[in-house]
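The shown structure was predicted, so the numbers you read here are calculated from the model rather than taken from an experiment.
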Amino acid sequence: GKPRVSYTVDFLRDHLLDFLDSRGITRATLVGHSMGGAVVLAAGLRRPGLADGLVLVDAAGVAPLPAWMRLGSRALLNRHLLVPLLGLGASFILDNVFVDSAEENRHVRWFRECSMRDAPGWPNLRAFARVSESLCKDVAQRDYSSQFRHVHAPVLALWGDADKLTVLSGVLRRLDGFRRLRTVVLKDCGHMPMVERPDETLYHLRRFLDSPP
């Protein structure tokens with residue numbers, strides 16, 4: 001279920017912190033991918049004593065997006081426009097998320113098939129568009145790089161070298177702002193390493209947990 005609220009990074013940050021509080025979890029390693037990366041960054045900054053580590057996988061919020069993307073998000077992210085755009089252009093979008101094709105990678109094939117599946121009337125797509133209308137506009141404006149010096153926990157930055165959404169060249173120089181950093185770049189990988197390169201992603205996550213920088 002998706003409550004009818006205004007979805008923002010701060011809303012999801014507070015939801016995450018409340019979830020941990022409700023279970024008495026006072027220390028944790030926080031792992032976030034894409035928009036989730038911005039959420040765990042925000043959580044770590046809001047509550048510095050919480051994070052044993054931060055794992056940022058092709059994360060948003062690490063560097064500013066180009067001005068045309070920030071301005072474009074305000075103009076184009078309208079739920080009534082998103083539904084037909086996503087319905088007609090989903091396959092093209094997925095082509096730009098992955099490097100591997102569905103024919104060569106079964107995990108990519110599974111993700112694509114699930115993403116393209118919906119009930120008559122596109123109820124899941126409509127719910128996704130409703131959430132994205134506020135959330136993606138908010139994420140597009142986020143840049144936490146000036147606050148990285150306040151993060152004392154070890155950080156693993158795991159990126160696909162061919163990511164077209166959170167482009168590697170734009171984030172590398174910003175990552176140096178972290179005090180304790182390990183950067184891993186996966187070759188011939190797009191925006192979703194856990195789908196395209198699950199074994200490598202798991203290896204580096206385990207290595208980080210066992211031996212943080």
Side-chain angles (χ1 to χ4, degrees), residues 1-65 70 128 131-132 134-160 163 165-168 170-186 191-195 197-213:
K2 296 178 177 61
R4 292 189 176 274
V5 299
S6 178
Y7 287 86
T8 65
V9 171
D10 290 346
F11 171 80
L12 296 177
R13 174 203 65 196
D14 293 343
H15 186 73
L16 170 61
L17 294 175
D18 288 346
F19 171 84
L20 295 173
D21 288 344
S22 71
R23 282 150 181 79
I25 298 172
T26 58
R27 299 284 297 181
T29 296
L30 305 178
V31 184
H33 164 256
S34 194
M35 174 269 294
V39 173
V40 300
L41 266 173
L45 289 165
R46 170 55 65 93
R47 196 176 295 178
L50 169 66
D52 282 326
L54 293 176
V55 180
L56 307 176
V57 183
D58 292 80
V62 172
L65 292 175
R70 298 197 303 273
F128 178 79
V131 172
S132 299
S134 59
L135 182 56
C136 291
K137 285 179 182 177
D138 184 57
V139 171
Q141 311 306 316
R142 297 282 174 162
D143 174 18
Y144 292 104
S145 58
S146 65
Q147 302 178 62
F148 288 171
R149 65 186 184 279
H150 300 304
V151 176
H152 298 280
V155 175
L156 170 63
L158 182 67
W159 242 263
D163 186 348
L165 300 179
T166 52
V167 180
L168 180 64
V171 305
L172 280 177
R173 63 182 181 275
R174 305 278 178 164
L175 291 171
D176 288 339
F178 289 115
R179 296 166 181 261
R180 300 170 61 189
L181 172 70
R182 178 178 298 151
T183 302
V184 174
V185 178
L186 300 182
H191 186 61
M192 291 191 174
M194 64 281 188
V195 178
R197 303 289 181 267
D199 294 338
E200 291 177 68
T201 299
L202 185 58
Y203 167 80
H204 289 294
L205 178 55
R206 285 176 168 160
R207 177 170 172 255
F208 175 76
L209 294 172
D210 292 339
S211 178

Could you tell me how the ring of Phe11 sits relative to the ring of His15: parallel (under 30°), tilted (30 to 60°) or perpendicular (over 60°)?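 Rings of Phe11 and His15: parallel, under 30°.
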Worked verdict on Thr166 versus Val62 for side chain to side chain contact (heavy atoms under 4.5 Å, CB included): CA-CA 9 Å; Thr166 52; Val62 172; over 6 Å; no
Run the side chain to side chain contact (heavy atoms under 4.5 Å, CB included) check on Phe148 and Asp176 step by step: do they pass? CA-CA 9 Å; Phe148 288 171; Asp176 288 339; over 6 Å; no
Out of curiosity, [X] [atom1] to [Y] [atom2], how far, rounded to the nearest 0.5 Å?
X	Y	atom1	atom2	result
Leu165	Met192	CG	CE	8.5 Å
Leu16	Arg47	CG	CZ	9.0 Å
Gln147	Leu41	CD	CG	9.0 Å
Leu56	Leu158	CG	CG	9.5 Å
Leu17	Asp21	CG	CG	6.5 Å

Is it true that a side-chain atom of Arg149 and a backbone atom of Gly177 form a donor plus acceptor pair closer than 3.5 Å?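 Such a contact is absent between Arg149 side chain and Gly177 backbone.
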Phe128 atom CZ: more than 12 heavy-atom contacts under 6.0 Å: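 12 or below, so no.
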Do you know which two heavy atoms are closest between Ala157 and Leu181, and how far apart they sit?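 Distance-wise, the nearest heavy atoms are CB-CD1, 4.1 Å.
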What heavy-atom pair brings Gly170 and Ala63 nearest, and what distance separates the two atoms?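 Distance-wise, the nearest heavy atoms are O-CB, 3.3 Å.
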Walk me through it: do Leu156 and Val184 pass the test side chain to side chain contact (heavy atoms under 4.5 Å, CB included)? CA-CA 8 Å; Leu156 170 63; Val184 174; 3.9 Å; yes
Distance-only donor-acceptor pairs under 3.5 Å for side chains of residues 26-39, two or more places apart:
from, atom 1, to, atom 2, distance (Å)
Arg27, NE, Asp52, OD1, 2.9
Arg27, NH1, Gly49, O, 2.3
Arg27, NH2, Asp52, OD1, 2.6
His33, NE2, His191, O, 2.8
Ser34, OG, His191, NE2, 2.8

Test Tyr7 against Asp138 for side chain to side chain contact (heavy atoms under 4.5 Å, CB included), laying out the working first. CA-CA 8 Å; Tyr7 287 86; Asp138 184 57; over 6 Å; no
Non-hydrogen side-chain atoms of Leu54 and Arg180 separated by less than 4.5 Å: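 Side chain of Leu54 against side chain of Arg180, heavy atoms only: no contact under 4.5 Å found.
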Side-chain donor-acceptor contacts of residues 199-213 below 3.5 Å, not counting sequence neighbours, with atom names and distances?
from, atom 1, to, atom 2, distance (Å)
Thr201, OG1, Pro193, O, 3.2
Thr201, OG1, Arg197, O, 2.8

Show the numbers, then the answer: is there a side-chain hydrogen bond (donor to acceptor under 3.5 Å, both in side chains) between Asp143 and Ser145? CA-CA 6 Å; Asp143 174 18; Ser145 58; 2.7 Å; yes
